[in-house]
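To start, the structure under review is shown below, and the notes come after it.
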Amino acid sequence: MKITDAKVFVASPSRNLVTLKVFTDAGVNGLGDATLNGREQAVVAYLQEHLIPCLIGRDPFQTEDTWQYFYRGAYWRRGPVTMAAIAAIDVALWDIKAKALDLPLYQLLGGKSRDRVLVYCHANGTDLEEAVDDVGRHIEQGYRAVRVQSGIPGLEAAYGIAKDGRKYEPATEGLPQETVWSTEKYLRYLPKLLTRVRDVYGDAIALLHDVHHRLTPIEAARLGRELEPCHLFWLEDPVTAELQEGFRLIRKHTVTPLAVGEVFNSVYDCLTLITEQLIDYIRMTVVHGGGITPILKLAHLAEPYHVRTGFHGATDLSPITMAAALHVNTAINNFGIQEHMPHAALVDEVFPHEYSFRAGDMYIGEKPGLGVDYNEELASRYPYRRAYLPVARKPDGTMFDW
Ligand code: EZ4
Ligand code: CO
């Protein structure tokens with residue numbers, strides 16, 4: 001079998017999503033997600049100008065060799081643009097291979113290790129009462145694991161908080177939105193919120209919280225310690241993790257489980273974190289981590305260190321990435337949890353998919369390949385619109401992490 005062509009689609013059915021379709025001489029096609037929120041066109045150019053010309057004529061079954069060709073062969077390694085582009089190709093090739101063999105993809109990754117995949121949802125509110133109520137609404141929908149975010153008293157906007165009754169979507173059109181952050185206000189407030197949620201809903205619910213990279217190691221250590229009575233499932237992205245060694249300090253002070261990695265794109269971003277057991281969950285996922293080929297290796301590397309997976313699953317990752325993640329989650333032993341932020345109905349229409357949600361779990365389905373299609377005609381009615389993630393500053397104007 002040979003690859004004959006590959007096409008990149010950029011569409012905005014409620015938000016920008018970049019999709020790759022790879023064609024073969026056997027008539028089998030494969031799909032890959034190449035979305036990088038706020039930097040979409042860089043990945044499009046990387047694919048069109050640099051990767052696709054080298055892809056034509058290759059054997060789609062050679063997933064390992066093709067991955068190495070684009071990773072090693074570029075000389076310039078890593079980075080989110082490069083790795084999202086390589087991921088799109090890698091996932092599309094796995095999709096082709098599984099379709100050609102008439103098997104659901106998880107069968108090629110180790111087979112079924114579980115029947116269902118536990119997911120967590122996002123509950124949020126502009127203040128404590130609203131956030132607590134929203135947790136209740138999600139429990140009613142069947143979720144058994146809930147991430148809680150809330151507006152912070154004294155701050156106008158905060159990460160993860162929906163406005164005007166709409167679903168939360170951080171990227172906005174126009175230039176980046178400016179927000180103000182105060183570590184002091186956040187640290188004073190957060191233990192009150194999570195203590196209250198635990199009091200109201202009891203012990204059976206798994207509770208998670210995302211710090212979104214905004215603390216220093218010692219601040220994160222303090223927060224982790226204060227949250228210990230809440231028995232969190234995890235505290236996510238407590239610090240910017242470029243300094244992996246920073247986690248040693250956090251770990252020294254708290255037994256609150258830690259998750260990190262949604263912005264990672266290479267195993268080298270988390271090698272110290274994993275091999276020194278500085279984290280409990282690794283969040284690097286298929287699209288930003290370079291595809292199924294490296295994510296499978298990452299999961300296998302993490303297993304003997306008792307680090308489990310908790311893949312990123314926000315709405316800026318398309319249903320193709322969700323399906324790919326679910327196949328990996330189904331096959332590996334050290335699966336932990338999967339993030340689930342439901343896509344807008346229109347996105348689900350553009351990407352008809354086999355996976356489904358029931359009573360707090362996702363089910364991958366048995367269709368050959370990834371089990372996702374792409375409705376090109378429908379997608380073409382929603383052209384790309386430039387959008388950016390917000391930026392954050394401290395109250396005195398100093399540039400900070402959003
Ligand atoms: O802010 O994917 O845990 N989930 C997250 C996400 C990220 C977005 C950024 O594009 O932190 O909501
Ligand atoms: Co996050």
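Since this is a predicted model, take the numbers as computed values, not measurements. Values below: every heavy atom of this structure, side chains too, minus hydrogens, waters and symmetry copies. Just so you know, ligand 1 is whichever comes first in the structure, and atom 1 is the first atom listed for that ligand.
Protein heavy atom closest to atom 1 (O) of ligand 1, with residue, atom name and distance, is H212 NE2, 2.8 Å. Among all non-hydrogen protein atoms, the one lying nearest atom 7 (C) of ligand 1 is E262 OE2, 3.4 Å. Looking only at heavy atoms of the protein, atom 2 (O) of ligand 1 is closest to D316 OD1, 2.8 Å.
Figure legend: R78 and F264 shown without cation-pi pairing, the cationic atom not lying both under 6.0 angstrom from the six-membered ring centre and within 45 degrees of its axis. Relative to the six-membered ring of Y186, R214 meets both conditions, a distance below 6.0 Å and an angle of at most 45° to the axis.
Below 4.0 Å from some heavy atom of A314 lie the following atoms of ligand 1, by number and element: 2 (O), 6 (C), 12 (O). Near H312, meaning under 4.0 Å from one of its heavy atoms, ligand 1 places the atoms 2 (O), 4 (N), 5 (C), 6 (C), 7 (C). Every atom of ligand 1 is numbered from 1 in the order shown, and the set under 4.0 Å from a heavy atom of R147 is 3 (O), 4 (N). If you number the atoms of ligand 1 from 1 as listed, the ones under 4.0 Å from a heavy atom of N37 come out as 10 (O). For ligand 1, the atoms sitting less than 4.0 Å from at least one non-hydrogen atom of D210 are 3 (O), 4 (N), 5 (C), 11 (O), numbered in the order shown with element in parentheses.
Salt bridge R188/E184: absent, no basic N to carboxylate O contact under 4.0 Å. Between E130 and R137, no side-chain nitrogen of the basic residue sits less than 4.0 Å from a carboxylate oxygen of the acidic one, so the salt-bridge criterion is not met. A salt bridge links D210 with R147; the closest basic N to acidic carboxylate O contact falls under 4.0 Å. Under the 4.0 Å criterion applied to side-chain N and carboxylate O atoms, D373 and K367 are assigned as salt-bridge partners.
No part of Y168 comes within 4.0 Å of ligand 1, judged by heavy-atom distances. Residue contacts with ligand 1, taken as heavy atom pairs separated by less than 4.0 Å, involve E339 solely via side-chain atoms from C-beta onward.
Side-chain N or O atoms of R116 include none that pairs as donor or acceptor with a backbone N or O of G360 at under 3.5 Å.
Side-chain contact of E228 with T254: a donor-acceptor pair under 3.5 Å is present, judged by distance alone.
Close N/O approach between R283 and ligand 1 is found [any backbone or side-chain N/O within under 3.5 Å]. Of the N or O atoms in Y120, none lie within a sub-3.5 Å distance of an N or O in ligand 1.
Within a 6.0 Å sphere centred on NE2 of H50, other residues, nucleotides and ligands contribute more than 12 heavy atoms. Under a cut-off of 6.0 angstrom, the local environment of CZ in R225 is sparse, with at most 12 non-hydrogen atoms contributed by other residues, nucleotides or ligands. Shown here is R39, whose CZ atom has no more than 12 heavy atoms of other residues, nucleotides or ligands within 6.0 Å.
Every heavy atom of M341 sits 4.0 Å or more from the atoms of ligand 1. At a 4.0 Å cut-off, at least one heavy atom of Y159 sits close enough to ligand 1 to count as contact.
Nearest N, O or S atom of E236 to the Co ion (ligand 2): atom OE2. In E262, the N, O or S atom that comes nearest to the Co ion (ligand 2) is OE1. Looking only at its N/O/S atoms, D210 has OD2 as the one nearest to the Co ion (ligand 2).
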